[in-house]
Amino acid sequence: MSEEHRETGTGWPQPAEPGRPSGPAGEPDPRPDAPDPDELSPLAPVEPAAPEQEGVPEPAEEPGASAAGAKPAPVSRRLTSAGAMIAVLLALLGFTLVVQLKTTSTDPTLAATREEDLVRISSDLDSRERRLRQDIEALEESQRQLRSGEQGRQAALEEATRRADELGILAGTLPAVGPGLSVRFEGPEKAVEAERILDAVQELRGAGAEAMQIAGADGTAMRIIASTYFVDASGGGLVVDGRRLTGPYVISVIGDPATLRTALNIPGGVVASVEEAGGNVTPVDSEAVEVSQLHAPIKLEHARPVS
């Protein structure tokens, strides 16, 4: 068994590593086609020879060590980046601690307060905040109700005013103007007696008359309302609510002109009866009939509104 076989301990020759001579140490490969050891690692960097120190032998470089030692630079860069990040984090942590310590040190009362007291103070502040928020919501709701109530009161006031105006016109306590008719009654006393004038007023009311007044020959006018009465005066003429009027008479009425005219001209109605008695009825349409005569307010003695 050769010397090489003893070194491996197997009794079999160990295959040669690339770039390592297969012969004894320090001898070249005896094979004629063996490659030159200097040509096996052309990419290996050539390092300059370090100056020899006196009395210190230069350590022998193992074969193949140049290829394994060519990658330390990237590891060094990773270590440097990690160190920089750690340094930044430590700096931030230190800055945060300093700020917190300064903030805490500015309030000596809180710094000396126990943890249980701090928890109680925080709970009290939360409760106070909730109460204040509830108060704000209640005030906002009251504001909305007041605005709504104000709008409701304004609408109610407007409605009451409108209703009062309507009742004033119907009661004869307010003047009125609007489209309607001016109806002239003329003829002998029998043709324009109180009965026929009252029939004319009833026909006009049934046709939707909203306001009426009657005037005599001398211009004296009386407002016609629900309680108005007509009586033949002795010696001629009419008594309207205690006041005497002489003919011809003019009734001013506010309402739809076409409807009012139709009511007067129905067969056997007011126009027909007056004409049969020798009189004449002349209705004239107008876009602005004025009913300006007022009736004194009636004082109620017995009637009361139902509550």
Side-chain angles (χ1 to χ4, degrees), residues 124-184 197-216 219-230 240-243 245 249-264 270 283-307:
D124 293 342
L125 291 176
D126 293 339
S127 300
R128 185 178 301 177
E129 181 183 5
R130 286 193 297 269
R131 288 195 299 271
L132 290 176
R133 289 186 182 277
Q134 292 175 357
D135 293 342
I136 292 173
E137 293 176 359
L139 291 174
E140 290 177 349
E141 181 64 24
S142 300
Q143 185 181 17
R144 286 192 295 268
Q145 291 179 357
L146 289 174
R147 289 179 178 176
S148 177
E150 181 66 23
Q151 294 175 356
R153 286 192 295 272
Q154 183 65 28
L157 179 61
E158 292 176 357
E159 179 63 20
T161 302
R162 185 186 65 82
R163 185 62 178 166
D165 292 341
E166 292 178 354
L167 293 176
I169 292 173
L170 294 176
T173 57
L174 292 177
V177 61
L181 296 177
S182 293
V183 187
R184 182 181 179 86
I197 298 298
L198 180 59
D199 289 341
V201 170
Q202 297 292 354
E203 292 291 347
L204 292 172
R205 283 176 177 168
E210 297 176 354
M212 288 183 287
Q213 72 180 21
I214 184 171
T220 303
M222 294 294 294
R223 185 71 172 262
I224 301 175
I225 61 173
S227 61
T228 300
Y229 63 88
F230 299 88
V240 181
D241 282 346
R243 191 163 186 175
L245 303 178
Y249 311 104
V250 177
I251 297 178
S252 300
V253 53
I254 296 176
D256 181 59
T259 304
L260 297 175
R261 183 186 293 274
T262 302
L264 292 175
V270 175
V284 178
D285 294 3
S286 176
E287 291 296 329
V289 175
E290 292 185 5
V291 178
S292 57
Q293 190 65 28
L294 302 181
H295 192 282
I298 299 175
K299 183 179 180 180
L300 301 177
E301 296 181 1
H302 306 285
R304 296 290 183 272
V306 178
S307 59

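The analysis underlying the following values was restricted to heavy atoms, covering all of them including side chains, and did not include hydrogens, waters or symmetry mates.
Residues Ala176 and Ile169 come closest through the heavy atom pair CB-CG2, 4.0 Å. In terms of heavy atoms, Ser292 sits closest to Gln213 at N-OE1, 3.2 Å.
Electrostatic pairing of Asp241 and Arg223 does not count as a salt bridge here, judged by no charged N lying under 4.0 Å from a carboxylate O.
Partners of Val284 by side chain to side chain contact (heavy atoms under 4.5 Å, CB included), not counting sequence neighbours, listed by chain and number: Thr282. Taking Glu141 as the reference, Arg144, Gln145 meet the side chain to side chain contact (heavy atoms under 4.5 Å, CB included) condition, with sequence neighbours excluded.
Within the model, atoms CG of Leu264 and CD of Glu203 stand 7.5 Å from one another, a figure rounded to the nearest 0.5 Å. Expressed to the nearest 0.5 Å, how far CD1 of Ile254 lies from CG of Leu204 amounts to 12.5 Å. Residue Arg130 holds its CZ atom at 11.0 Å from CG of Leu132, rounded to the nearest 0.5 Å.
Between His295 and Met222, every side-chain heavy-atom pair lies at or beyond the 4.5 Å cut-off. Counting heavy atoms from C-beta on, the side chains of Leu181 and Ser286 never come closer than 4.5 Å. Residues Leu260 and Val253 form a side-chain contact, since some pair of their non-hydrogen atoms from C-beta on lies under 4.5 Å apart. At a threshold of 4.5 Å between non-hydrogen side-chain atoms, the residues Val177 and Val289 do not count as touching. In this structure the side chain of Glu129 never reaches within 4.5 angstrom of the side chain of Leu125, judged on heavy atoms.
Judged by distance alone, the side chain of Asp256 and the main-chain N or O of Gly208 form no donor-acceptor pair under 3.5 Å. Under a 3.5 Å cut-off, the side chain of Tyr249 and the backbone N or O of Val183 do not form any donor-acceptor pair. Put simply, the side chain of Thr220 never gets that close to the backbone of Gly216: no donor and acceptor are under 3.5 Å apart.
For Gln293, the CD atom is densely surrounded, since the number of other residues' heavy atoms within 6.0 Å is greater than 12.
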From CA spacing to verdict: side-chain contact (heavy atoms from CB on, under 4.5 Å), Ile224, Arg205: CA-CA 11 Å; Ile224 301 175; Arg205 283 176 177 168; 3.7 Å; yes
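For residues 162-174, the pairs satisfying side-chain hydrogen bond (donor to acceptor under 3.5 Å, both in side chains) are Glu159-Arg162, Arg162-Glu166, Arg163-Glu166, with sequence neighbours left out.
Shown are Thr228, Ile214, Ile251, Val270; of these, the side-chain contact (heavy atoms from CB on, under 4.5 Å) with Val201 is made only by Ile251.
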